Number of protein chains: 2
Amino acid sequence: MLPLWRANDLGVVLDLTHVGRPLGGVDRFPAAHAAMLALEAGAIANPDEGRQVGHYWLRAPDLAPEALQPVIRQALADCQALTLAVHRERVDAADPESDLRFRDLLVLGIGGSALGPQFIADALGEPDDRMRVHFLDNTDPDGMARVLGGLDLEQTLVLCISKSGGTAETRNALIETQAAYTRAEVDFSSRAIAVSGEGSRLWTTAAGWRARVPMWDWVGGRTSICSGVGLLPMMLQGIDAVELLAGAGEMDVHTRRPELDQNPAGQLALAWLALTDGRARRAMVVLPYRDRLVLFSKYLQQLVMESLGKKLDLQGQLVNQGLTVFGNKGSTDQHAYVQQLRDGPDDHFVTFVAVEDDGYAGQEDVEPGVVSGDYLQGLWMGTRRALTEAGHASITISLPTVDARRIGALIALYERAVGYYATLVGINAYHQPGVEAGKQAAAAVLSLAASLAGAVTDQGQTAGEIASRVGADPAEAWHILRRLSTNERGVRCSDGAAPLSDRFSRRAPG
Amino acid sequence: MLPLWRANDLGVVLDLTHVGRPLGGVDRFPAAHAAMLALEAGAIANPDEGRQVGHYWLRAPDLAPEALQPVIRQALADCQALTLAVHRERVDAADPESDLRFRDLLVLGIGGSALGPQFIADALGEPDDRMRVHFLDNTDPDGMARVLGGLDLEQTLVLCISKSGGTAETRNALIETQAAYTRAEVDFSSRAIAVSGEGSRLWTTAAGWRARVPMWDWVGGRTSICSGVGLLPMMLQGIDAVELLAGAGEMDVHTRRPELDQNPAGQLALAWLALTDGRARRAMVVLPYRDRLVLFSKYLQQLVMESLGKKLDLQGQLVNQGLTVFGNKGSTDQHAYVQQLRDGPDDHFVTFVAVEDDGYAGQEDVEPGVVSGDYLQGLWMGTRRALTEAGHASITISLPTVDARRIGALIALYERAVGYYATLVGINAYHQPGVEAGKQAAAAVLSLAASLAGAVTDQGQTAGEIASRVGADPAEAWHILRRLSTNERGVRCSDGAAPLSDRFSRRAPG
């Protein structure tokens with residue numbers, strides 16, 4: 001049995017007692033560790049994109065290449081100054097009677113520009129936060145209208161985050177948000193901040209805004225939580241971002257140790273290797289027993305799956321690697337799908353996150369001498385036992401409490417474990433070639449939609465008939481024409497007995 | 001290629017054009033359909049628990065056994081009357097100056113008593129809902145304190161939902177909630193409603209409350225959304241529950257058809273069979289392209305995984321069946337884990353949910369003639385194409401709009417598909433034996449915790465030393481003793497160099 005390991009400064013415990021098999025690839029760990037040290041020393045660790053991988057420098061600027069050190073420090077100072085100014089400012093400075101402050105923060109961003117901030121906002125948020133944080137993380141018109149409709153825009157600051165500055169969803173969210181400010185007759189520019197690469201399209205757009213905070217090409221989107229992407233929203237919310245950086249930095253010290261038995265990220269990566277057979281044999285189910293950690297699995301979905309879900313290895317061989325992550329929280333999920341985890345196929349392992357501190361001092365006795373937190377722990381350990389009895393492995397991470405420092409440490413632990421695992425299975429963790437394919441296909445669909453709309457005539461025709469004129473698939477054409485019709489976008493539909501019998505014709509512009 | 005199928009009354013489309021293989025088990029469908037008809041006719045379809053399975057009767061009382069018909073109708077009428085009274089009532093009736101109304105609804109429930117209400121509250125909620133809905137769905141003291149701390153209890157109505165009336169998490173949430181009302185000096189009983197089995201412990205507890213709404217043993221927790229469990233919270237929020245029942249009932253008519261090509265649930269179940277090889281070969285990733293459907297995957301996780309994740313088949317043979325479900329929403333998830341779905345292992349299929357209606361009429365052009373909704377559809381279809389090119393199957397459900405009627409239809413479609421699939425693979429979809437194992441193990445851990453606490457002495461000893469006296473595992477003992485110490489529950493800890501060197505001693509009661 002493997003022992004409990006603890007980072008004594010942080011109090012974070014890695015419990016591998018229920019893995020039920022030896023760590024995998026122990027002999028390959030020194031090479032993986034050497035690759036990680038090279039990465040930290042500035043190697044081009046993302047070969048496809050020819051980029052350095054510098055997110056560890058964000059919490060240890062002394063280790064960064066010399067030219068980047070002042071850049072990192074200045075960005076942090078800028079975020080702090082910006083936050084202080086926003087918190088102090090009266091929204092209507094011209095009216096000495098008004099004491100309105102910025103109360104809401106609307107973050108526009110998607111993927112790496114949303115998942116980290118969302119996780120932190122929920123994990124560390126309280127009802128009396130300095131600002132309440134909301135997100136537009138999609139290009140859904142209905143979703144945007146619902147969020148915008150619940151805000152008093154005068155008291156709302158907008159933070160638009162896009163590393164590339166060209167992400168379509170975020171660009172669309174920005175356009176809809178600006179329009180909402182215009183309709184409400186509230187000035188937008190003085191309420192808007194951009195986080196983006198210097199010189200990007202968004203950077204240019206934001207020239208007249210309240211502020212611009214830089215992002216860098218040596219920080220990947222899914223590891224950008226310690227850059228302005230994560231720091232600025234958490235600071236505005238009122239969370240101690242310096243503590244988060246400190247916790248991440250402390251964990252990095254542990255995960256920089258060459259001795260495997262003192263390196264929790266190495267142990268974690270090798271436990272994954274044993275459980276996945278190094279080829280996605282089992283999925284990782286993430287079950288924190290603490291409500292405020294429910295978004296950790298969504299954060300990890302991107303960090304792990306976008307990093308490890310790769311078609312080719314570094315030698316260009318077809319490997320179709322991956323490590324599936326899902327989960328919500330315990331004990332809640334015990335009343336949902338844990339039935340299958342215990343009784344179903346052997347295709348998963350659970351990662352429990354336990355917290356020592358109950359987080360609330362005023363608990364009632366629910367039975368003599370027993371409080372709700374006792375049940376929470378009992379249900380966690382009981383589920384772990386039940387899974388073990390059924391032959392299913394689990395890993396447990398225990399935190400002394402949930403605070404900014406421990407959240408920083410947790411993130412740093414997983415960033416490093418993912419990096420090790422990628423090296424151990426021989427893939428590039430820092431690119432995402434498959435994402436581009438979806439974007440290109442979307443552009444082709446938008447172009448097809450324009451062709452189809454142009455091919456509709458005054459005579460009612462089926463989707464198949466119209467599709468044949470532009471060389472399109474009838475079912476795809478039906479979805480596109482039907483949506484144009486439903487939204488009264490120049491197309492009218494007369495329902496048939498089945499979708500492919502619907503007849504589409506031109507509709508006079510409304 | 002399979003055609004697009006549409007329920008013409010509902011406008012709900014099932015698109016199997018991207019399944020990429022023939023439906024599985026077509027010859028076995030008639031038998032599965034016959035079993036479903038027998039279930040609806042009142043057979044003991046849950047043999048382990050000796051119960052009828054009656055959730056379809058909730059939206060078609062005429063089909064229920066005669067004795068149940070008035071019971072179903074009366075419960076609906078009771079929910080309607082209760083809702084009307086709550087909406088009309090002034091919170092402080094004694095004060096003629098006060099016009100305070102019940103503004104917040106706090107639902108206490110877990111699993112089947114929370115996932116349906118949560119899905120509906122988000123899917124159909126708007127900023128101007130009649131009441132805002134909040135949930136306590138766990139036994140996490142910190143999580144409960146955070147929700148309760150954000151509420152004005154005077155204006156908050158509590159709905160405590162537990163079918164059995166004995167669920168520990170919900171009992172604990174009730175105790176903490178009642179204590180919060182007492183501390184705030186707000187009367188609880190007049191603000192509390194129970195939904196539970198008649199005669200249950202909760203039913204008895206709630207004798208003096210504002211109201212009690214009955215649940216029945218012929219409705220399973222994960223299919224209880226059309227009983228008071230789902231209806232009452234949605235009505236209080238201001239959602240048209242009768243429309244939801246109508247939509248579910250309309251879909252049931254389609255899924256009662258013996259002709260496979262006219263039965264969307266049959267087609268769906270047979271598509272799953274083809275994609276899973278009838279033995280959990282691939283996971284179902286659920287990607288609705290609409291923000292307000294983001295909780296659909298959590299709802300389906302329980303409905304599908306708790307129903308299908310079974311160790312034994314109906315003949316008692318070991319089968320370890322299951323069908324893993326996860327997902328959030330598109331296009332958001334394209335910036336998270338869709339990289340792996342496309343480039344990673346062949347272990348999944350996607351279920352897209354598309355919506356014809358953009359849901360917001362005031363969209364801006366984000367490019368000439370292009371709106372955000374065009375991008376949403378383009379990204380969906382583009383992702384579908386990219387997955388297909390990489391050899392990954394997908395199913396698409398298209399809804400004309402998101403409203404109560406279509407949500408009811410969607411739920412009914414999946415309830416029936418899960419029922420068919422279970423019959424096709426020969427398992428009982430309506431029990432959950434594994435859940436009980438976790439509960440029993442939790443009780444054993446609670447008992448162990450009491451033993452360990454009693455075994456701590458004034459001399460500092462390690463977890464291993466204390467564990468050996470009560471026959472416990474040292475690592476388990478460490479987690480238990482450490483938490484007691486952190487929360488100052490009669491145990492003190494002196495940190496060692498590693499967890500198993502920590503020394504625990506008795507702490508004088510604070």
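By convention in this document, chain letters (A, B, ...) are assigned in the order of the sequence lines, proteins followed by strands, and residues within each chain are numbered from 1. If you're wondering where the values come from, they're calculated on a predicted model, not measured in any experiment.
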Under 4.5 Å, counting heavy-atom pairs only, tell me which of A:G111, A:P345, A:S113 racks up the most with chain B. A:P345

Distance-only check: which donor-acceptor pairs under 3.5 Å involve side-chain atoms of residues 434-446 of chain B, not counting sequence neighbours?
none

Indicate the atoms forming the closest heavy-atom contact of A:A280 with A:Q321, along with that distance. N-OE1, 4.3 Å

For A:E306, is it the side chain, the backbone, both or neither that has a heavy atom under 4.5 Å from a heavy atom of chain B? both

Answer with side chain, backbone, both or neither: which region of A:I480 has an atom nearer than 4.5 Å to a non-hydrogen atom of chain B? both

Proximity of B:F326 and A:Y337 rings by center, below 6.0 Å: no

Relative to chain B, which segment of A:I175 carries a heavy atom at a distance below 4.5 Å: side chain, backbone, both, or neither? both

When rounded to the nearest 0.5 angstrom, what is the spacing between CD in B:E356 and NE2 in A:H479? 9.0 Å

Counting heavy-atom pairs closer than 4.5 Å to chain B, which one of A:Q339, A:Q302, A:E389, A:R384 comes out on top? A:Q339

When the 4.5 angstrom heavy-atom criterion is applied to A:D137 and chain B, the contacting part is both

Largest heavy-atom contact set with chain A, pairs under 4.5 Å, which of B:G362, B:A145, B:G150, B:G373: B:G373

Would you mind checking which part of A:V402 comes under 4.5 Å of any heavy atom in chain B, side chain (CB onward), backbone (N, CA, C, O), both or neither? neither

Could you go through the salt bridge (charged side-chain N to carboxylate O under 4.0 Å, His left out) check for B:D495 and B:R482 one step at a time? CA-CA 10 Å; B:D495 279 12; B:R482 181 78 183 185; 2.8 Å; yes

Top residue by heavy-atom pair count (under 4.5 Å) with chain B, among A:R222, A:E476, A:H348, A:Q432? A:E476

Taking it one step at a time, do B:R290 and A:D140 satisfy salt bridge (charged side-chain N to carboxylate O under 4.0 Å, His left out)? CA-CA 6 Å; B:R290 176 71 23 120; A:D140 174 21; 3.1 Å; yes

Taking side chain as everything from C-beta outward and backbone as N, CA, C, O, which of these in B:R183 sits under 4.5 Å from a heavy atom of chain A? Side chain, backbone, both or neither. side chain

Name the member of A:D358, A:T383, A:I110 that forms the most heavy-atom pairs with chain B at distances under 4.5 Å. A:D358

With respect to chain A, which residue among B:L387, B:N328, B:V338 yields the maximal number of heavy-atom pairs within a distance under 4.5 Å? B:N328

With respect to chain A, which residue among B:V13, B:D374, B:T324 yields the maximal number of heavy-atom pairs within a distance under 4.5 Å? B:D374

For A:T486, is it the side chain, the backbone, both, or neither that has a heavy atom closer than 4.5 Å to a heavy atom of chain B? side chain

When only pairs under 4.5 Å are counted, which of A:S447, A:A354, A:G11, A:G330 shares the most heavy-atom pairs with chain B? A:G330

A:Q301 (side chain) donor-acceptor with B:A336 (main chain) under 3.5 angstrom: no

Heavy-atom cut-off 4.5 Å, strictly under: side chain, backbone, both or neither for A:R146 against chain B? both

Heavy-atom distances under 4.5 Å only: say whether A:P474 touches chain B with side chain, backbone, both or neither. neither

Would you check if the side chain of B:S331 reaches a backbone N or O of B:L379 as a donor-acceptor pair within less than 3.5 Å? no

Taking side-chain hydrogen bond (donor to acceptor under 3.5 Å, both in side chains) as the test, write out the residues that go with B:D365, two or more places apart. none

Quick one: does B:N320's side chain have a donor or acceptor within less than 3.5 Å of a partner on B:K311's backbone? no

Please flag which part of B:R342 lies under 4.5 Å from any non-hydrogen atom of chain A: side chain, backbone, both or neither. side chain

Where does A:N8 contact chain B at under 4.5 Å (heavy atoms): side chain, backbone, both or neither? side chain

So which of B:A168, B:S307, B:G125 has the biggest tally of heavy-atom pairs under 4.5 Å with chain A? B:G125

Under a 4.5 Å heavy-atom cut-off, does chain B meet the side chain of A:L115, its backbone, both or neither? side chain

Derivation and outcome, salt bridge (charged side-chain N to carboxylate O under 4.0 Å, His left out), residues B:R281 and B:D347: CA-CA 7 Å; B:R281 168 81 179 74; B:D347 60 1; over 6 Å; no

Between A:D343 and B:G309, is there a donor-acceptor pair closer than 3.5 Å when you use the side chain of the first and the backbone of the second? no

Counting heavy-atom pairs under 4.5 Å with chain A, the top scorer among B:G369, B:G382, B:A179 is B:G382

Would you say the side-chain atoms of B:W478 pair up with the backbone N or O of B:P499, donor to acceptor, closer than 3.5 Å? yes

Of all of B:A498, B:G322, B:S372, B:P400, which one pairs up most often with chain A through heavy atoms under 4.5 Å apart? B:S372

For B:V294, is it the side chain, the backbone, both or neither that has a heavy atom under 4.5 Å from a heavy atom of chain A? side chain

Where on A:T332 is there a heavy atom nearer than 4.5 Å to chain B: the side chain, the backbone, both, or neither? both

Would you call B:R171 and B:E176 a salt bridge, using N to O less than 4.0 angstrom? no

Select one option (side chain, backbone, both, neither) describing which atoms of A:R489 are under 4.5 Å from chain B's heavy atoms. side chain

Of A:G149, A:S485, A:G344, A:G359, the largest count of non-hydrogen pairs under 4.5 angstrom with chain B goes to A:G344

Least distance between heavy atoms, A:L323 atom then A:M305 atom: O-CG, 3.2 Å

For the side chain of B:K310 and the backbone of B:H431, is there at least one donor-acceptor N/O pair under 3.5 Å apart? yes

Structural part of A:N487 lying under 4.5 Å from a heavy atom of chain B: side chain

